Colleague: 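Next up is a structure, given as structure tokens.
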Amino acid sequence: MRIKSQKIYSFILAVMLVCVMLPCRTDASYEIVGVCQVQTESGAADIVRTLDYSYDHNTYFSLRDIASILKDTDKRFSLDITKTAVSMNLGEIYTPVGVENVPWEDSKNPDISLRRNEFAVDGQKVSYYTLIMPLPSSGYDCFMMAADLAMILDVEMHVTNAGILQINTRAPFAISPAALEQAGYFYGVNGVLAGDATTGEIYYQYESDTAYPIASTSKLMTCLLTMEALFAGQISLEQTVTVSEAVQALAASADGVIPLEAGQEITVQELLLGALLPSSNECALCLAETIAGSEEAFVQMMNQKAQDLGLSQAVFYNSHGLPSFTQDPIPAKRQNRMSAKDMFRMVSYLLDVYPQVKDMTSLQEATLPSMNLEVRNSNPLLRNMSEVTGLKTGTTNKSGACLVTSLAANDGTMTHDLVVVVLGTEDSIERGRVSGLMARYALQAFEVGAAEPEEGERFANLPTNAEAAVDWILRTAKKH
């Protein structure tokens with residue numbers, strides 16, 4: 001369903017939140033209390049308490065206050081909030097606890113941390129960052145970003161000219177990356193790209209031709225070369241590998257993830273799971289040594305493969321994505337680099353030739369039998385969207401927080417692999433939110449096309465002028 005550009009842009013303003021904040025100050029080192037007027041399209045309205053986390057307008061809303069406003073709508077939900085956990089059940093009537101929709105009792109700013117508290121929607125665990133604080137009487141309230149709540153409830157939110165946050169419960173969630181870009185949302189991101197890896201169609205891109213450090217998303221190239229070695233019969237998933245001293249040293253370092261020890265034996269499949277799910281650097285190094293005999297030789301294979309695939313902005317120094325120092329008296333600190341567009345090309349090739357990789361990257365958890373160790377996938381979107389099938393996170397100080405996401409979308413004839421590349425966000429919180437927004441946009445673009453909606457198209461599924469008709473036909477033909 002398409003919606004007006006103005007309303008999409010208004011949602012962006014809601015994300016940025018132009019609301020009434022009390023008191024007002026900049027560069028806060030703790031939470032700033034405030035209130036915002038919120039109403040639904042049916043007229044239900046009241047104030048909602050807010051917390052600006054560390055900075056003005058980095059705003060989180062009271063879930064109890066919003067639940068109270070929505071309790072008589074189709075988007076109602078119940079809440080059970082404890083000190084460290086939130087349970088939300090969609091469609092259930094909210095039971096008030098007596099503190100909803102009232103101003104803060106005083107202007108004292110609380111000092112609570114933004115955490116990935118345990119969160120469940122309809123009994124299914126999801127991954128969002130929230131603020132949980134005790135209520136003056138008893139119990140707890142939870143504060144969540146407007147964009148995250150809009151995605152969970154699948155509703156449209158925008159700010160009216162009067163500065164009121166409007167929740168349209170009858171309109172589904174939609175996003176416009178062009179409006180986000182215009183609002184400056186991507187200023188804190190190195191590169192962004194969303195597209196259909198199956199057809200090669202790119203829905204949206206921002207700074208996609210510039211190479212940036214890619215951290216552990218480098219392991220996708222390591223995975224690609226491992227899959228090639230497997231299908232060439234050079235190695236097998238069941239093959240056991242002996243851990244080297246170099247791998248043990250990396251495991252024992254500050255960047256170690258899995259405690260591998262020299263002489264220990266582990267299978268190739270376990271090494272792949274370790275590298276892709278918890279992002280084990282030592283597992284990636286062990287794979288490199290197994291396939292090429294040394295990491296140096298493996299890196300040559302990585303750069304050669306990049307050339308073969310036409311990745312003009314890609315350069316690799318190691319198999320895992322950590323900073324690599326030269327041996328000079330004044331060492332240079334190098335990191336694997338790639339543009340968002342090159343990452344899209346590489347991942348498109350990986351998913352096309354070796355779709356089996358999704359059998360691993362779609363796992364939320366896995367067991368490494370040789371170590372009797374449970375590992376967890378670091379990709380938060382696997383818990384938030386059923387369409388997500390992978391792929392890989394990555395973080396260093398220089399690269400920022402990166403995430404390459406794959407999603408399954410069906411056109412009625414076949415399943416397509418959609419890919420979202422987000423490079424260089426400030427932290428894992430923003431990484432998850434930017435990637436979540438862009439993943440939903442990719443699904444939206446797959447369904448209705450990537451072109452910006454025009455005025456008057458809100459209820460139209462077909463184009464209304466010749467130029468739009470040609471564009472619609474071309475997009476539809478490309479999909480099918």
Side-chain angles (χ1 to χ4, degrees), residues 1-5 8 150-152 154-156 171-178 180 192-206 208 220 309 340-341 343-363 379 381-392 403-422 434-454 457-480:
M1 178 178 179
R2 295 187 175 185
I3 62 177
K4 294 181 180 180
S5 298
I8 299 178
M151 287 188 280
I152 291 175
D154 190 24
V155 296
E156 172 191 305
F173 177 86
I175 199 70
S176 168
L180 285 173
V192 175
L193 188 147
D196 185 337
T198 302
T199 64
E201 181 182 3
I202 294 177
Y203 299 142
Y204 174 80
Q205 52 190 323
Y206 172 82
S208 64
L220 291 173
L309 294 176
K341 187 172 289 184
M343 181 66 77
F344 176 73
R345 289 170 179 157
M346 183 184 76
V347 168
S348 297
Y349 178 84
L350 172 64
L351 294 175
D352 178 49
V353 181
Y354 304 110
Q356 302 87 345
V357 70
K358 292 179 291 184
D359 294 338
M360 291 178 283
T361 59
S362 62
L363 296 173
N379 184 352
L381 296 193
L382 278 171
R383 299 164 184 85
N384 298 352
M385 301 177 64
S386 60
E387 300 90 347
V388 173
T389 57
L391 284 166
K392 191 71 194 71
L403 177 57
V404 180
T405 305
S406 61
L407 307 100
N410 196 288
D411 63 7
T413 303
M414 62 178 292
T415 298
H416 293 235
D417 290 311
L418 309 185
V419 170
V420 172
V421 180
V422 174
V434 175
S435 297
L437 289 170
M438 293 305 300
R440 283 166 174 79
Y441 169 71
L443 292 169
Q444 170 189 317
F446 178 80
E447 291 295 330
V448 302
E452 288 298 302
E454 302 292 336
E457 284 190 319
R458 184 178 185 189
F459 300 107
N461 291 321
L462 296 177
T464 56
N465 58 69
E467 183 178 356
V470 171
D471 180 64
W472 181 81
I473 292 169
L474 291 175
R475 287 201 314 271
T476 304
K478 184 176 289 188
K479 282 187 181 182
H480 294 281

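Excluded from the calculations below are hydrogen atoms, water molecules and symmetry mates; all remaining heavy atoms, backbone and side chain alike, are included. A quick note: this is a predicted structure, and the numbers were derived from the prediction, not measured.
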Colleague: Return the minimal non-hydrogen interatomic distance between Ala439 and Leu381, and the atom names on each side.
Modeller: CB-CD1, 4.3 Å

Colleague: Which heavy atom of Val420 sits nearest to which heavy atom of Ala194, and what is that distance?
Modeller: CG2-CB, 4.1 Å

Colleague: Do you know the tightest heavy-atom contact between Ala408 and Leu443?
Modeller: O-CD2, 4.3 Å

Colleague: Please examine the side chains of Asp417 and Ser406, heavy atoms only from C-beta on, and report whether any two atoms are closer than 4.5 Å.
Modeller: no

Colleague: Start with the C-alpha distance between Val421 and Met438, add both sets of side-chain angles, then the distance that settles side-chain contact (heavy atoms from CB on, under 4.5 Å), and finish with yes or no.
Modeller: CA-CA 9 Å; Val421 180; Met438 293 305 300; over 6 Å; no

Colleague: Do you know which two heavy atoms are closest between Tyr203 and Ala442, and how far apart they sit?
Modeller: CE1-O, 3.6 Å

Colleague: Indicate yes or no for a side-chain donor-acceptor contact from Asn379 to the backbone of Lys392 under 3.5 Å, with no hydrogens or angles considered.
Modeller: no

Colleague: Say you draw a straight line from CG of Leu382 to OG1 of Thr361; how long is it, rounded to the nearest 0.5 Å?
Modeller: 7.5 Å

Colleague: Could you tell me the separation between the CG atom of Asp196 and the CD atom of Glu201, rounded to the nearest 0.5 Å?
Modeller: 6.5 Å

Colleague: Does Leu437 reach the side chain of Phe173, with side-chain heavy atoms less than 4.5 Å apart?
Modeller: yes

Colleague: Would you give the length of the straight line joining atom CG of Leu193 to atom OH of Tyr204, rounded to the nearest 0.5 angstrom?
Modeller: 10.0 Å

Colleague: Closest heavy-atom contact between Lys358 and Thr389?
Modeller: CD-OG1, 3.7 Å

Colleague: Give, for atom CG of Leu407 and atom OG of Ser362, the distance between the pair rounded to the nearest 0.5 Å.
Modeller: 12.0 Å

Colleague: Please assess Met385 against Thr405 for the test side-chain contact (heavy atoms from CB on, under 4.5 Å), listing each intermediate value before the final yes or no.
Modeller: CA-CA 11 Å; Met385 301 177 64; Thr405 305; over 6 Å; no

Colleague: Under the side-chain contact (heavy atoms from CB on, under 4.5 Å) criterion, do Asn384 and Met151 qualify, and how do the steps go?
Modeller: CA-CA 9 Å; Asn384 298 352; Met151 287 188 280; over 6 Å; no

Colleague: Can you name the nearest heavy-atom pair linking Met343 to Leu220, along with the distance?
Modeller: SD-CD1, 4.2 Å

Colleague: I need the Leu180 CG to Tyr206 OH distance, nearest 0.5 Å.
Modeller: 11.5 Å

Colleague: Is any side-chain heavy atom of Leu391 closer than 4.5 Å to one of Leu351?
Modeller: yes

Colleague: With rounding to the nearest 0.5 Å, note down the distance linking CG in Asn410 to CD in Glu447.
Modeller: 9.0 Å

Colleague: Given 3.5 Å as the limit, does a donor-acceptor pair link the side chain of Gln444 with the main chain of Ile175, or not?
Modeller: yes

